[in-house]
Amino acid sequence: WLERGASASRSGIRHARHGPPVAQRDQRGLMHRPAPRAPVLRVNRVTYPGAGERIGAVRADLRQLLDGCPKADDVILCASELAANATVHSRSGLPGGIFTVCVKISSGHYTWIAIEDNGGPWNPLASDPARPHGLEIVRALASEWGIDGDHTTRTIWAKFNWSDDS
């Protein structure tokens, strides 16, 4: 029994033309290749009141979560800057405002952070070489970073690649 566009090989594994091997049927049902081992992934998401005094709590929470991560200092510094930006430059800093810190840690590969705020107008400030702004620090330390969203909600994320050898 072959699916259209598939052919049998000497090994008995059927290959679809121009594609990966196709699952075979036996008496027990479909046989599948075992999934590759996935790296350990830890995910954490915490929402804070949109007040500047909560930035210390963000740093403390991240310090505990990132224990043993070779990029912990860079991640905490950038998250702290981005959380401060959320309280100063978005609607998160208004009464009742909030911001959310998301963290994904893939052991031996990367740490990814995102700060989601309550949006607002985007007014990039002019760069001052004597006093770097939060996004300049993120740009210097993160492997990748970006901004998603609009005036209703904005997420600024950064990824820090690392390996267990770091």
Walk me through whether V103 and V43 qualify under side chain to side chain contact (heavy atoms under 4.5 Å, CB included).
CA-CA 6 Å; V103 181; V43 179; over 6 Å; no
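- Here the straight-line distance linking atom CG of D74 with atom CD1 of I113 works out to 10.0 Å at 0.5 Å rounding.
- The two residues A86 and I115 have their closest heavy-atom pair at CB-CG2, 4.2 Å.
- Just one of L94, T152, I98 meets the side-chain contact (heavy atoms from CB on, under 4.5 Å) condition when paired with N118; it is I98.
- In this structure, V101 is a member of the same hydrophobic cluster as L77, with clusters built from ILVMFWY side-chain heavy atoms closer than 4.5 Å.
- Distance check, rounded to the nearest 0.5 Å: NZ of K159 to SG of C78 gives 15.0 Å.
- I55 approaches A84 most closely through the heavy-atom pair CD1-N, 3.6 Å.
- Across all their heavy atoms, I105 and W162 have their closest contact at CG2-CZ2, 4.1 Å.
- Of all non-hydrogen atoms in A83 and F99, the two that sit nearest each other are CB-CE1, 3.7 Å.
- Closest heavy-atom contact between R45 and C102: NH1-SG, 2.9 Å.
- With a 4.5 Å cut-off on side-chain heavy atoms, E116 and T153 count as touching.
- Closest non-hydrogen pair, A158 versus V138, comes out as CB-CG1, 3.9 Å.
- Between the side chain of S107 and the backbone N or O of L41, no donor-acceptor pair lies under 3.5 Å.
- Within the model, atoms OG of S106 and CZ of R42 stand 10.5 Å from one another, a figure rounded to the nearest 0.5 Å.
- Atom CH2 of W157 is separated from atom CG of L82 by 11.5 Å, given to the nearest 0.5 angstrom.
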Might you work through the side chain to side chain contact (heavy atoms under 4.5 Å, CB included) test for I156 and D148, ending with a clear yes or no?
CA-CA 6 Å; I156 303 180; D148 300 316; over 6 Å; no
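- Taken together through direct or relayed side-chain contacts under 4.5 Å among Ile, Leu, Val, Met, Phe, Trp and Tyr, I147 and V88 form parts of separate hydrophobic clusters.
- Donor-acceptor pairing under 3.5 Å is lacking for the side chains of S92 and T87.
- E53 CD to Y48 OH: the interatomic distance, rounded to the nearest 0.5 Å, is 14.0 Å.
- In this structure, the separation between CZ on R59 and CG on L62 is 10.0 Å, given to the nearest 0.5 Å.
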Apply side chain to side chain contact (heavy atoms under 4.5 Å, CB included) to residues L66 and I76 and explain how you reach the verdict.
CA-CA 9 Å; L66 296 171; I76 293 167; 3.9 Å; yes
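- For D150, the CG atom is densely surrounded, since the number of other residues' heavy atoms within 6.0 Å is greater than 12.
- A salt bridge links R63 with D73: the closest approach of a Lys/Arg side-chain nitrogen to an acidic carboxylate oxygen falls below 4.0 angstrom.
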